[in-house]
Amino acid sequence: MNWGKLANSRWMDRLLYIDRAVIVMNKPPGLVTQGTKLRDPTTFKSEDEGNFAKLLNDLKNGFNMPHTPYRVHRLDKATTGCLVLARSLGIARDLSTQFRQRTVEKTYLALVRGGRKSFSQTSGQIRVPVRYVDGRASLVPQEQANEKDKDTATDWELVASSPHLPLSLLRLKPLTGYKHQLRIHLAQVLKTPILGDTLYSQSQPTDEIRNAINLPDDRMFLHASQISFYRYRSVGSQKRFRIRIYAPLPPDFFRICAEGSIPVGEFERLGGLFVHRRKTHDFQYVADNEIPEVDGYWKPQPDLNA
């Protein structure tokens, strides 16, 4: 694929996947993606939102698109990872329907404050009502919940814990997608707040953590590691199929894992693209750049160890 005018753009290294319908990028921390309407993705109220508007405009110009891409979901300002953009209003509506019907599968990685002893089991389910007041979430006892409260659901898995620091890596699968859901679930249900989350945590990182690793300021370690959704092709026996995209970990996220001796899987570390195959009923890793099923391309990411 011709990457056009984006070759020298600062967004070039953030692009993960592009085809005739969608663009998937690895969102950096600090980029605001909220507040965008589906029909008017360039309406913003702040300078931070303006940075996202510039990104959309750069993509439009770089790929010679007739209009800017459409945002179909959002990530918090501090969250990194897979962000999907639609290249047309029709595709935006289709993807929005997939999100609404919960056929889009999302997986997050979170570095949390708490070692192995913080967890009585290695996996579990969180099902709690959450109330929002002025944009901030709070847990609500089941017997006190009302029709305005949101029934939130997250499945979680302990990937690994540091053998010498009170830090652990969790893999999270949100089954609902409410604001700050993962942050409040980890901080107030599991009692293991995300490293760097100052909104829902009741305390600061311990001196043991601060003395062992170099914690950057204003940084929360929550990463949208995977996203999977349906795509379509115009010819062939299998017109609808599913792709799964991994966004590589940010270097500082991986560095803290390495300093804490927390192992990270290859695709979660470096990224990857998988296409679901009907014959095997499984996802097959796409090892080259060309994805003929959807006329799309996977952009390999640099090795974080390099």
Side-chain angles (χ1 to χ4, degrees), residues 10-11 13-14 16 24-36 44-56 71-85 106-114 130 132 134-138 152 154 156 159 167-174 176-205 209-210 213-227 246-257 259-260 262 264 268 271 304:
R10 64 182 176 134
W11 303 115
D13 289 339
R14 291 288 173 181
L16 297 175
V24 182
M25 66 174 293
N26 190 5
K27 176 189 170 300
L31 182 66
V32 174
T33 64
Q34 298 95 323
T36 314
F44 300 93
K45 297 180 180 180
S46 71
E47 182 178 350
D48 285 337
E49 288 180 315
N51 291 332
F52 188 51
K54 186 178 186 308
L55 161 64
L56 297 178
R71 179 190 67 84
V72 294
H73 69 125
R74 68 184 186 184
L75 296 175
D76 284 348
K77 178 179 179 179
T79 304
T80 58
C82 292
L83 180 69
V84 181
L85 303 170
K106 297 175 289 182
T107 302
Y108 290 72
L109 292 176
L111 269 172
V112 301
R113 291 161 46 198
V130 170
Y132 291 90
D134 296 330
R136 181 162 180 172
S138 61
T152 61
T154 300
W156 64 273
V159 177
L167 292 173
S168 295
L169 181 66
L170 298 187
R171 185 178 293 118
L172 311 168
K173 294 187 176 182
T176 54
Y178 295 108
K179 181 180 179 180
H180 296 174
Q181 172 180 315
L182 298 179
R183 296 168 67 177
I184 194 169
H185 281 182
L186 297 187
Q188 299 186 20
V189 178
L190 294 185
K191 308 297 183 183
T192 55
I194 298 172
L195 185 65
D197 185 0
T198 58
L199 182 61
Y200 294 100
S201 173
Q202 302 300 313
S203 62
Q204 296 294 321
I209 294 176
R210 290 185 174 278
I213 58 179
N214 181 23
L215 284 178
D217 295 330
D218 194 25
R219 180 75 168 91
M220 184 182 69
F221 291 91
L222 178 64
H223 180 66
S225 174
Q226 300 178 47
I227 194 163
Y246 285 75
L249 276 179
D252 57 352
F253 196 126
F254 178 66
R255 173 183 58 78
I256 292 176
C257 288
E259 291 175 354
I262 299 174
V264 179
E268 291 174 322
L304 297 178

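Given the structure is predicted, the values throughout are model-derived calculations rather than measurements.
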Check each of Leu172, Leu170, Leu169 against Leu109 using the side-chain contact (heavy atoms from CB on, under 4.5 Å) test, and report the only one that passes. Leu169

Which residues share a side chain to side chain donor-acceptor pair (under 3.5 Å) with Gln188, sequence neighbours left out: none

Contacts of Arg255 meeting salt bridge (charged side-chain N to carboxylate O under 4.0 Å, His left out) (sequence neighbours excluded), chain-then-number -> Glu259

Looking at CG of Leu31 and NZ of Lys54, how far apart are the two atoms once the value is rounded to the nearest 0.5 Å? 12.0 Å

Inter-residue atom distance Thr80.OG1 - Leu75.CG, 0.5 Å rounding: 8.5 Å

Looking at CG of Asp197 and CG of Leu186, how far apart are the two atoms once the value is rounded to the nearest 0.5 Å? 9.0 Å

Donor + acceptor pair across side chains of Ser201, Arg183 (<3.5 Å): no

Taking Tyr132 for the side chain and Lys179 for the main chain, is one N or O donor matched with an acceptor at less than 3.5 Å? yes

Could you report the tightest heavy-atom contact between Asn26 and Gly81, atom names first, then the distance? OD1-CA, 3.2 Å

CD1 of Ile184 to OG1 of Thr152: how many Å apart, nearest 0.5 Å? 8.0 Å

Separation between CG (Leu215) and CD1 (Ile256), nearest 0.5 Å, reads 5.5 Å

For Ala224 and Thr79, the nearest pair of non-hydrogen atoms, with its separation, is N-CG2, 4.3 Å

For Ile213 and Ile209, what are the C-alpha separation, side-chain angles and deciding distance, and is it a side chain to side chain contact (heavy atoms under 4.5 Å, CB included)? CA-CA 6 Å; Ile213 58 179; Ile209 294 176; 3.7 Å; yes

Given side chain to side chain contact (heavy atoms under 4.5 Å, CB included), test Cys257 with Leu111 step by step and report yes or no. CA-CA 8 Å; Cys257 288; Leu111 269 172; 4.1 Å; yes

Nearest non-hydrogen partners of Cys82 and Ser225, listed with the distance: SG-O, 3.8 Å

Main-chain N/O of Ala137 paired with Tyr178 side-chain donor or acceptor, under 3.5 Å: no

Do Met25 and Leu55 come within less than 4.5 Å of each other through their side chains, counting heavy atoms only? yes

Correct closest heavy-atom pair for Asp76 and Lys27 would be O-NZ, 3.2 Å

4.5 Å side-chain heavy-atom contact, His180 and Ser138: no

Over all atoms of both residues, closest heavy-atom pair of His73 and Val84: NE2-N, 2.9 Å

Heavy-atom side-chain contact between Arg74 and Val32 under 4.5 Å: no

Do the non-hydrogen side-chain atoms of Val72 and Leu85 ever get within less than 4.5 Å of each other? no

Which class fits the ring pair Phe221 and Phe253: parallel under 30°, tilted 30 to 60°, perpendicular over 60°? perpendicular

Evaluation steps, side chain to side chain contact (heavy atoms under 4.5 Å, CB included), between Phe52 and Arg71: CA-CA 10 Å; Phe52 188 51; Arg71 179 190 67 84; 4.2 Å; yes

Before you tell me yes or no, could you show the steps for Glu268 and His223 under side chain to side chain contact (heavy atoms under 4.5 Å, CB included), namely the whole-Å CA-CA distance, both residues' side-chain angles and the distance that decides it to 0.1 Å? CA-CA 10 Å; Glu268 291 174 322; His223 180 66; over 6 Å; no

Check whether any side-chain heavy atom of Arg219 sits under 4.5 Å from a side-chain heavy atom of Asp252, and report yes or no. yes

Interatomic distance, Thr107 atom OG1 to Arg171 atom CZ [nearest 0.5 angstrom]: 7.5 Å

Do Leu195 and Leu167 come within less than 4.5 Å of each other through their side chains, counting heavy atoms only? yes

Taken in chain and number order and not counting sequence neighbours, the residues that satisfy side chain to side chain donor-acceptor pair (under 3.5 Å) with Arg136 are none

Is the backbone of Ile194 close enough, under 3.5 Å, to the side chain of Arg113 for a donor and an acceptor to pair up by distance? no

What one should report as the nearest heavy-atom pair of Leu182 and Leu222 is CD1-CD1, 4.2 Å

Taking the side chain from Lys191 and the backbone from Gly114, do they hold a donor-acceptor pair closer than 3.5 Å? no

